[in-house]
Amino acid sequence: MTLLTRWEPLREFSTMQDRMNRMNRLFRESYSPEGPEEALTTTSFAPPVDIYEDEHDITLKMEVPGIDEKDIDVRIENNTLTVHGERKFEKEEKEENFRRVERQYGSFTRSFTLPNSVETENVQANYDKGVLEIRLAKKAEAKPKQIKVKVGGEKTLEAKVHGKAA
């Protein structure tokens, strides 16, 4: 069975951007004049996000473990959802005791253009166990509507608007 998937060039661009960010981070850590400790506190990163949609909502789930909810800012402006936050490097440990540091520190900003079908006044954000969940409700006119179609006299077919088959 052959499975078709939609090609999304922006997703590939995002993947390429993540790879470039990792390369930049490695370069800064290796060649920072202040040393690797300073580079750890100044890098920026892009936390991974899952986006899914059903007939009522568009939901984003962003992995942001180790970040206090007070250090996360969620805004909608001009039909753009922007999430900004910062993971601070914990200075309790002496940097020279670290053998390896793989977690990313610093600030991040992720922006998403919202479709016109989103009700920007009806947005909910929940932070639990290191996952930020943002639920964007769809406008009533954007939700699928079911229409009954009569054929002949007695038979009835059911069809759904917005490309959903009966």
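Rounded to the nearest 0.5 angstrom, Leu60 CG and Ile51 CD1 are separated by 4.5 Å. Within the model, atoms CG of Leu132 and CD of Glu69 stand 10.5 Å from one another, a figure rounded to the nearest 0.5 Å. Atom CG of Asp68 is separated from atom OH of Tyr127 by 7.0 Å, given to the nearest 0.5 angstrom. The distance from atom CE of Met62 to atom CD1 of Ile72, rounded to the nearest 0.5 Å, is 8.5 Å. One finds the CD1 atom of Ile67 at 10.0 Å from the OG atom of Ser107 (value rounded to the nearest 0.5 Å). For the atom pair CG (Asn78) and CG (Leu81), the distance works out to 13.0 Å, reported to the nearest 0.5 Å.
Counting only distance, with no hydrogens or angles, the side chain of His84 and the backbone of Arg110 share no donor-acceptor pair below 3.5 Å.
The shortest non-hydrogen separation linking Phe112 to Val49 is CZ-CG2, 4.0 Å. Among all heavy-atom pairs drawn from Asp57 and Ala137, the shortest one is OD1-CA, 3.4 Å.
Applying the side chain to side chain contact (heavy atoms under 4.5 Å, CB included) test between Leu136 and each of Leu114, Thr120, Asn122 identifies Leu114 as the sole match.
A 4.5 Å side-chain heavy-atom check between Asp71 and Lys88 finds at least one atom pair inside the cut-off. Counting only heavy atoms from C-beta outward, the side chains of Ile134 and Val74 approach each other to under 4.5 Å. Side-chain atoms of Glu63 and Pro48, non-hydrogen and from C-beta on, do get closer than 4.5 Å to each other. Within the 4.5 Å cutoff, no side-chain heavy atoms of Val131 are placed close to those of Val64. Between Thr59 and Glu133 the shortest side-chain heavy-atom distance falls below 4.5 Å.
With salt bridges taken as basic N to acidic carboxylate O contacts below 4.0 Å, one links Lys138 and Glu53. Under a 4.0 Å N-O distance rule, the pair Asp50/Lys61 does not qualify as a salt bridge.
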Report task. Begin with the C-alpha distance, continue with both residues' side-chain angles, and end with the deciding distance and a verdict on side chain to side chain contact (heavy atoms under 4.5 Å, CB included) for Thr82 and Thr109. Result -> CA-CA 7 Å; Thr82 302; Thr109 301; 3.7 Å; yes

Requested in this report: Begin from the C-alpha positions of Ile58 and Tyr52 and carry the test side chain to side chain contact (heavy atoms under 4.5 Å, CB included) through to its verdict.
Outcome: CA-CA 6 Å; Ile58 296 174; Tyr52 58 95; over 6 Å; no

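Shown here is Asp54, whose CG atom has more than 12 heavy atoms of other residues, nucleotides or ligands within 6.0 Å.
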